[in-house]
There are 2 protein chains.
Amino acid sequence: MDNLARQLKVLAEPNRLRIVDLLMEGVQCNCELGDALGMAPNLISHHLRILREVGLVDVERDAVDARWVYYSINRSTLAELAQVFGAFFDPARIKERHPACGPQGSPIQLEPMTAIIA
Amino acid sequence: MDNLARQLKVLAEPNRLRIVDLLMEGVQCNCELGDALGMAPNLISHHLRILREVGLVDVERDAVDARWVYYSINRSTLAELAQVFGAFFDPARIKERHPACGPQGSPIQLEPMTAIIA
DNA sequence: TTAATAGTTCAATGGCAGTTGAATCATTTG
DNA sequence: CAAATGATTCAACTGCCATTGAACTATTAA
């Protein structure tokens with residue numbers, strides 16, 4: 001579960017989420033990502049490193065001109081994440097209330113409350 | 001997409017993720033959550049408020065003894081989140097590389113790179 | 001070999017947010 | 001009424017992390 005939280009934290013950053021989205025669309029080099037997002041190359045590198053650390057992104061270097069570096073989504077990591085997430089947040093998992101506290105004799109006597117929100 | 005990032009950010013906090021997990025198991029009052037997680041009641045309240053703000057959690061007040069407050073997972077919000085997440089991170093969405101930059105004439109000539117990680 | 005290019009690493013900054021303890025609110029009980 | 005209970009709100013603190021600008025590495029081009 002801590003592992004899930006860690007991956008969610010990585011994806012919860014808006015710019016990283018956009019990077020992942022662009023990588024899924026096929027965009028891959030640092031410069032293109034930076035252009036698309038209006039971000040500096042070093043910042044792109046920073047986020048890509050974090051995405052690599054959780055295994056969501058892979059790296060390749062161009063065989064002809066080694067200055068170019070291409071990033072891509074790691075399919076298996078993504079698939080596993082989607083699977084774990086889907087299992088964890090499956091609405092069917094929600095169980096009925098079984099309170100161990102509260103007054104005896106009021107098992108299911110509840111009234112909807114909107115006041116506390118206002 | 002910003003909306004997705006916001007919900008992910010809420011769920012990326014380990015203690016909140018545990019609270020969500022407990023709520024799915026049927027645990028619901030502040031005190032029980034606090035006992036289960038070893039956290040002070042005010043901190044539980046804090047995280048529950050954040051979960052409420054994104055619509056993931058609902059609130060009810062005990063009809064017999066109004067001092068007790070019960071929290072529960074909002075099924076529709078959870079279902080929508082699971083759906084959006086599943087669609088966004090679907091491995092089938094990953095497209096082929098189509099680089100607009102890089103040297104001409106090296107379309108698919110790449111070599112795997114492990115050095116950069118070390 | 002010198003300059004240019006693509007990218008990374010480093011140090012410093014600033015803001016957000018989780019945590020803490022005390023105070024407060026609302027409700028029920030004696 | 002006063003005391004107790006369940007929970008929330010408030011103010012202050014602290015640590016983490018995205019951002020920034022500059023320096024640095026590696027590779028290719030002139």
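Numbers restart at 1 for each chain; the letters A, B, ... are given by sequence-line order, proteins then strands.
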(request) Could you state the atom-to-atom distance from CG of D65(A) to P of dA29(D) in whole Å? (result) 6 Å

(request) Figure out the CG/P separation between L11(A) and dA18(D), and round it to whole Å. (result) 12 Å

(request) Might you work through the side chain to side chain contact (heavy atoms under 4.5 Å, CB included) test for L48(A) and L33(A), ending with a clear yes or no? (result) CA-CA 10 Å; L48(A) 284 171; L33(A) 292 170; 4.1 Å; yes

(request) For side chain to side chain contact (heavy atoms under 4.5 Å, CB included), just list the numbers for N3(B) and V84(B), CA-CA rounded to whole Å, side-chain angles, deciding distance to a tenth of an Å, and then say yes or no. (result) CA-CA 10 Å; N3(B) 192 44; V84(B) 169; over 6 Å; no

(request) Verify the distance criterion only: is there a donor paired with an acceptor across the side chains of Y70(B) and D62(B) at less than 3.5 Å? (result) yes

Mind listing the side-chain donor-acceptor pairs of residues 12-24 of chain B below 3.5 Å, one per line with the distance, residues two or more places apart or on another chain?
from	atom 1	to	atom 2	distance (Å)
E13(B)	OE1	N15(B)	N	3.0
E13(B)	OE1	R16(B)	N	3.2
N15(B)	OD1	R18(B)	NH1	2.8
R16(B)	NE	V10(B)	O	2.6
R16(B)	NH1	H47(B)	ND1	3.1
R18(B)	NH2	D2(A)	OD1	2.9
D21(B)	OD1	R93(A)	NH2	2.5

(message) Less than 4.0 angstrom between a side-chain N/O of R49(A) and OP1 or OP2 of dG7(C), yes or no?
(response) no

(request) Anything below 3.5 Å on both distances counts as a pair; with that, list the stems of at least three consecutive Watson-Crick or G-U pairs involving DNA chain D. (result) C:1-30 with D:1-30

(message) Suppose we screen for side chain to side chain donor-acceptor pair (under 3.5 Å). Which residues come up paired with Q83(B), at least two apart in sequence or across chains?
(response) none

(request) Using whole Å, report how far NZ of K9(B) lies from P of dC16(C). (result) 10 Å

(message) Taking the basic N atoms (NZ, or NE/NH1/NH2) and the acidic carboxylate oxygens, is any pair closer than 4.0 Å for R97(B) and E60(A)?
(response) yes

(message) Counting the atoms with a prime plus P, OP1 and OP2 as sugar-phosphate, which does C29(B) contact under 4.0 Å by heavy atoms, base, sugar-phosphate, or nothing?
(response) sugar-phosphate

(message) In this structure, how many angstroms lie between the P atom of dA7(D) and the OH atom of Y71(B), rounded?
(response) 8 Å

(message) Without decimals, in angstroms, what is the distance between I19(B) CD1 and dG18(C) P?
(response) 11 Å

(request) Quick one: label I50(A) by what it contacts on the DNA or RNA (base, sugar-phosphate, nothing), any heavy atom closer than 4.0 Å. (result) sugar-phosphate

(request) Taking side chain to side chain donor-acceptor pair (under 3.5 Å) as the test, write out the residues that go with T77(A), two or more places apart. (result) N74(A)

(request) Whole angstrom is fine here: how far is it from CD in Q28(A) over to P in dG7(C)? (result) 12 Å

(request) Only pairs at least two apart or in different chains count here, so list each disulfide (SG to SG under 2.5 Å) that has a residue in residues 21-75 of chain B. (result) C101(A)-C29(B)

Protein and nucleotides 19-26 of chain D: nitrogen or oxygen contacts under 3.5 angstrom:
from	atom 1	to	atom 2	distance (Å)
dT19(D)	OP1	N15(A)	ND2	2.7
dT19(D)	OP2	N15(A)	ND2	3.4
dT19(D)	OP2	H47(A)	NE2	2.7
dG21(D)	N7	N42(A)	ND2	3.0
dG21(D)	O6	N42(A)	ND2	2.9
dA22(D)	N6	N42(A)	ND2	3.4

(request) Name the closest nucleotide to the A66(B) side chain, picking from dG18(C), dG7(C), dT28(C). (result) dT28(C)

(message) Just the rounded figure in Å: distance from C1' of dT19(C) to CG of L37(B).
(response) 14 Å

(message) Taking A66(B)'s backbone N and O only, do any of them form a donor-acceptor pair with R61(B)'s side chain (distance below 3.5 Å, no angle check)?
(response) yes

(request) Round to a whole Å and report the spacing from CZ of R6(B) to P of dC16(C). (result) 16 Å

